[in-house]
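The analysis underlying the following values was restricted to heavy atoms, covering all of them including side chains, and did not include hydrogens, waters or symmetry mates.
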Amino acid sequence: MILTNHWPRTSDLSWGLVRRAKVFHFNSTITDEEADETLLGRILANERDAIFTRLVDAWARLQAAYEQHRSANGLPASYDTFWLIAEKRP
């Protein structure tokens, strides 16, 4: 998942990112007067357990999909090492 205000720069020329992207446009602007400074605190106070549960479920689904993809394509364990190194790049 990528949350950004601008399309990310990438060296991927395969259009893989573009094909899989789900872009949500938010065309409204919240002014300082409209901003609710207590919103995050209220959400966390009331929804923390549900947010954590959804996060853990999503991570498990992502890992399962990755393992299925790796197994189906006969990718070696070194493929995992590549992604671990790639994650640490600045």
Side-chain angles (χ1 to χ4, degrees):
M1 178 186 302
I2 300 172
L3 303 174
T4 179
N5 289 332
H6 305 283
W7 192 259
R9 284 188 273 174
T10 178
S11 60
D12 178 9
L13 301 177
S14 69
W15 290 93
L17 178 64
V18 175
R19 283 194 320 271
R20 294 175 179 88
K22 304 291 186 252
V23 178
F24 298 93
H25 295 279
F26 294 95
N27 298 324
S28 62
T29 301
I30 306 294
T31 65
D32 288 341
E33 294 78 29
E34 295 173 310
D36 183 352
E37 299 294 330
T38 66
L39 181 60
L40 179 59
R42 289 186 291 124
I43 289 172
L44 291 177
N46 295 310
E47 304 294 335
R48 184 184 311 261
D49 292 342
I51 292 168
F52 182 74
T53 300
R54 297 225 22 196
L55 177 65
V56 170
D57 290 346
W59 181 248
R61 286 193 311 273
L62 181 63
Q63 285 183 311
Y66 168 75
E67 287 301 324
Q68 182 180 10
H69 170 73
R70 193 175 74 130
S71 297
N73 292 289
L75 299 172
S78 60
Y79 189 73
D80 294 338
T81 304
F82 168 79
W83 286 111
L84 289 173
I85 293 168
E87 287 178 352
K88 293 180 182 179
R89 290 178 55 202

Quiz item: For His25 and Val23, which heavy atoms make the closest approach, and how far apart are they?
Solution: NE2-CG1, 3.6 Å
Exercise. Report yes if some heavy atom in the side chain of Leu62 is under 4.5 Å from a heavy atom in the side chain of Trp59; otherwise report no.
Key: yes
Exercise. Inspect the surroundings of CD in Gln63 and state if more than 12 heavy atoms from other residues, nucleotides or ligands are less than 6.0 Å away.
Key: yes
Quiz item: How far does CZ of Arg61 sit from CZ of Arg54, to the nearest 0.5 angstrom?
Solution: 7.5 Å
Self-check item: 4.5 Å side-chain heavy-atom contact, Ile51 and Ile43
Solution: yes
Quiz item: Tell me, do Arg42 and Leu39 make a side-chain contact under 4.5 Å, heavy atoms counted?
Solution: yes
